[in-house]
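The structure appears right after this line, and notes come after that.
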There are 2 protein chains.
Amino acid sequence: MGTRFPSIPIVMKVTIRDVAKAAGVSPSTVSRALNGKGRMRPETRERILRIARELGFRPNPLAKGLATKMNYCIGVGIDARHLPIKRSFYGAVLEAIEEVLDREGYHLVFSVIRNAEAPRCVIEGRVDGVILMGTDVRGELVEKLREKLPLVLVDYHLPGAAAVVTDNFGGAKAAVEHLIGHGHRKIAFVVETLSDPNFKERFEGYRAALEAHGILFDEKLVFEGGRRAESSRFAMEKFFETREMPTAIFGANDHMAIGAIRALKEAGIRVPEDVAVAGFDDGDLAPHVTPPLTSVHVPRGEMGRRAAVLLLDLLRGKLCTVKTDILSITLTIRSSCGCGST
Amino acid sequence: MGTRFPSIPIVMKVTIRDVAKAAGVSPSTVSRALNGKGRMRPETRERILRIARELGFRPNPLAKGLATKMNYCIGVGIDARHLPIKRSFYGAVLEAIEEVLDREGYHLVFSVIRNAEAPRCVIEGRVDGVILMGTDVRGELVEKLREKLPLVLVDYHLPGAAAVVTDNFGGAKAAVEHLIGHGHRKIAFVVETLSDPNFKERFEGYRAALEAHGILFDEKLVFEGGRRAESSRFAMEKFFETREMPTAIFGANDHMAIGAIRALKEAGIRVPEDVAVAGFDDGDLAPHVTPPLTSVHVPRGEMGRRAAVLLLDLLRGKLCTVKTDILSITLTIRSSCGCGST
DNA sequence: CTGTTAGCGCATTCAA
DNA sequence: TTGAATGCGCTAACAG
């Protein structure tokens with residue numbers, strides 16, 4: 001019945017002073033030994049290290065942080081609007097970030113950005129740097145954070161901020177050219193919204209592919225479904241109103257492409273025989289839909305790793321200029337485009 | 001060219017002393033005003049609060065933590081073996097945990113558990129409590145952590161530890177009974193491994209359903225694929241060697257069920273006409289495979305929320321007894337079981 | 001090479 | 001009701 005007080009320390013924490021006492025030296029000597037600072041007799045150092053180990057000494061990170069102004073924590077913020085739909089995408093990036101940070105002794109503070117507010121871990125000053133994921137992060141927010149601490153953007157870029165992005169343009173162009181290679185010339189572009197910079201770039205890649213093959217761009221073949229859960233349905237409803245149906249669809253992301261496949265099948269249209277489809281992201285669903293989706297592969301793990309490395313470089317002052325990593329992509333060919341099944 | 005030192009403070013941080021000076025009181029009074037401790041003249045308090053706000057004062061969490069032994073950080077550990085496959089599962093749980101913690105002023109430190117070692121954030125003593133996800137967390141690890149700090153298990157239970165789990169038994173039983181309702185009496189159970197406690201419970205549910213309907217359990221209808229990426233293929237190879245093919249398959253998780261569907265289709269067997277299939281998890285893939293998978297729905301967000309609340313209760317001493325939350329499940333019926341398509 | 005001193009920024013006794 | 005003193009555990013100047 002009695003209320004318990006938080007964190008009852010079972011064993012008294014051993015501090016640097018305990019180690020000092022046991023080793024017969026001063027706390028500062030222990031500190032130096034532990035951190036490898038300054039010169040000192042090797043035997044003294046080793047003895048201290050041994051005793052620290054024997055005593056099970058763990059430096060208190062809060063005390064250390066308070067004294068050094070380094071907390072060894074990195075914030076990772078994900079815009080709430082990406083949550084349900086791109087979960088597996090950012091999940092993969094998150095894991096990769098964590099792996100790099102962990103190896104370097106850093107910790108990852110995960111937070112969801114709601115209402116375009118800065119993550120609380122940043123506001124409170126708990127983190128040494130921050131990685132922001134997704135295109136929905138507002139420019140003003142980025143600007144505000146950038147002057148407070150080192151920052152890296154993932155899957156988004158903004159002038160003046162370090163970023164890791166994919167080659168949206170090149171990826172889209174390759175995908176569309178693949179469809180063109182299958183003989184298609186009437187290719188629709190299905191997208192949530194062109195106001196999203198990534199999608200806009202993919203759109204440009206789509207246009208470039210058409211142009212490169214002497215196909216006239218037709219704005220009637222661009223279908224926007226809007227930023228909502230049912231986006232693909234809205235877009236496809238418009239699609240079906242088209243007089244001459246395109247023979248292929250390029251979805252600006254897997255979500256739209258898969259929605260397109262579903263809508264086509266429901267309408268009794270065969271994929272890829274009647275209409276071929278390709279997507280962008282190559283996410284978890286792509287191999288599992290019927291037919292398996294041909295899609296531009298986005299190297300999510302690599303993005304995460306690069307972002308983490310970039311941020312660490314920033315923190316360590318190894319990076320003078322703000323740089324943007326543009327990762328090249330590859331097209332994962334399955335059968336929705338008309339290729340023989342994988 | 002010149003190396004930069006980490007974290008150049010653009011603006012000098014305002015401390016509690018600055019506020020004290022500006023308010024003409026002592027630091028301790030400011031501290032009390034800010035934390036609402038002790039009695040004090042309301043007007044004094046409000047004045048201090050106002051000044052603190054005007055000065056943009058942010059309490060330094062490290063200093064606070066050092067003094068109070070509370071860091072307002074919660075560790076969330078996920079076993080590495082769950083990573084690729086259950087990514088969207090734990091992603092959903094993670095988000096829900098973050099939401100609750102954020103609302104309560106806590107931070108989430110995400111870490112992957114590799115080699116069954118305790119998360120570094122726990123070892124270093126950076127977190128006030130920890131949530132462990134997945135059945136692959138070793139018992140010894142849990143035991144070790146439990147005596148160090150408050151702990152909650154998700155999707156796994158172990159005597160003596162607080163946990164949030166789903167009704168594996170009931171869910172499996174419901175799914176199998178649904179298949180029985182479709183007239184099936186020869187129902188296979190396809191699973192990665194029965195040595196996993198969750199799968200074992202689902203197995204028991206499967207048996208119970210059979211028994212409840214007077215169907216003799218046949219161990220030849222249990223197919224284990226092992227714990228590997230190609231698990232479902234291994235299991236299904238054994239499946240096809242069966243003399244009399246079952247008319248239905250219950251997969252211990254979506255992964256196995258979807259693998260089964262794929263294998264059946266590749267073998268020219270129609271789903272659900274020739275063989276019906278049901279799974280467990282109702283993950284992101286379930287609605288997208290062909291035919292859409294009937295699956296036991298696991299309320300991932302709810303699991304995360306409960307786990308977070310449980311841990312906070314533990315931290316605040318609101319909880320005397322170690323409790324296990326068993327969430328009830330529901331069967332999401334699609335068409336792989338033979339029901340008219342949703 | 002090592003010990004002493006003085007903080008880091010806050011909370012919390014104890015007096016007043 | 002408020003202030004002064006002390007300490008949380010560690011690092012970093014400065015002496016020695």
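Residue numbers start from 1 in every chain, and the chains themselves are labelled A, B, ... in the order their sequence lines are given, proteins ahead of strands.
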Between C/dT12 (P) and B/K69 (NZ): distance, integer Å
11 Å
Provide, to the nearest angstrom, the distance between the CZ atom belonging to A/R39 and the P atom belonging to C/dT2.
12 Å
Is B/G125 touching bases, backbone alone, or none of the nucleic acid, heavy atoms closer than 4.0 Å?
nothing
Tell me which donor-acceptor pairs under 3.5 Å the side chains of residues 113-123 of chain B have, and how far apart each pair is, sequence neighbours excluded?
residue: B/R114; atom: NH1; partner: A/E98; partner atom: OE1; Å: 3.3
residue: B/R114; atom: NH2; partner: A/E98; partner atom: OE1; Å: 2.6
residue: B/R120; atom: NE; partner: A/D102; partner atom: OD1; Å: 3.4
residue: B/R120; atom: NH1; partner: A/G105; partner atom: O; Å: 3.2
residue: B/R120; atom: NH1; partner: A/H107; partner atom: NE2; Å: 3.2
residue: B/R120; atom: NH1; partner: B/E124; partner atom: OE2; Å: 2.9
residue: B/R120; atom: NH2; partner: A/D102; partner atom: O; Å: 3.3
residue: B/R120; atom: NH2; partner: A/D102; partner atom: OD1; Å: 3.4
residue: B/R120; atom: NH2; partner: A/Y106; partner atom: O; Å: 2.8

Whether A/N35 contacts D/dT11 is assessed here as follows: a side-chain N or O lying under 4.0 Å from the phosphate OP1 or OP2. Is that the case?
yes
With a 4.0 Å cut-off, would you call A/R50 and A/E46 a salt bridge?
no
Return the nearest nucleotide to the side chain of A/M40; candidates are D/dA5, C/dC1, D/dT1.
C/dC1
Figure out the CZ/C1' separation between B/R126 and D/dC10, and round it to whole Å.
13 Å
If every non-hydrogen atom of A/A52 is compared with every non-hydrogen atom of A/L34, which pair is closest and at what distance?
CB-CD1, 4.4 Å
Just how far, in rounded Å, is P of C/dC10 from CE of B/M70?
18 Å
From CZ of A/R32 over to P of D/dT11, roughly how many Å is that when rounded to an integer?
11 Å
With heavy atoms under 4.0 Å as the rule, sort A/T68 into base, sugar-phosphate or nothing.
sugar-phosphate
Between D/dA5, D/dC10, C/dC8, which one does the side chain of A/L66 approach most closely?
C/dC8
Looking at A/K144 and A/E140, is there a salt bridge between them, counting it only when a charged N and a carboxylate O are closer than 4.0 Å?
no
Check whether any side-chain N or O of B/K37 sits under 4.0 Å from OP1 or OP2 of C/dA11, and answer yes or no.
no
Look only at the side chain of A/R45 and the backbone of A/M40, and say whether a donor-acceptor pair between them is shorter than 3.5 Å.
no
Atom-pair distance (CG on A/N71; P on C/dG9), nearest Å
14 Å
Can any side-chain N or O of B/N71 pair as donor or acceptor with the backbone N or O of B/R126 at less than 3.5 Å?
yes
For a quick check of understanding: with a heavy-atom distance under 4.0 Å over all strands, which category does A/T15 fall into, base, sugar-phosphate or nothing?
sugar-phosphate
Counting only side-chain heavy atoms from C-beta out, which of C/dG3, D/dG3, D/dC10 sits nearest to B/S26?
D/dG3
Base of D/dG9 paired with side chain of A/R58 (donor-acceptor, under 3.5 Å):
no
Given the structure, check if the side chain of B/S31 and the base of C/dT12 hold any donor-acceptor pair shorter than 3.5 Å.
no
note: A/K64, atom NZ; C/dC8, atom P; distance rounded to Å ~ 20 Å
Report yes if at least one side-chain N or O of A/T29 is closer than 4.0 Å to OP1 or OP2 of C/dG3; otherwise report no.
yes
Pairwise 5' ranking along DNA chain D for B/P27 and A/F57, keeping only the more 5' one:
B/P27
Taking only N and O in the side chain of B/T44, is any of them less than 4.0 Å away from OP1 or OP2 of D/dT2?
yes
By nearest-heavy-atom nucleotide on DNA chain C, the more 5' of B/I16 and A/G24 is A/G24
Describe the nucleic acid contact of A/V25 in one word from base, sugar-phosphate, nothing, applying a heavy-atom distance below 4.0 Å.
sugar-phosphate
What is the distance, rounded to the nearest whole Å, between atom OH of A/Y72 and atom C1' of D/dT11?
12 Å
Looking only at D/dT2, D/dG3, C/dC10, the nucleotide nearest the B/S28 side chain is D/dG3
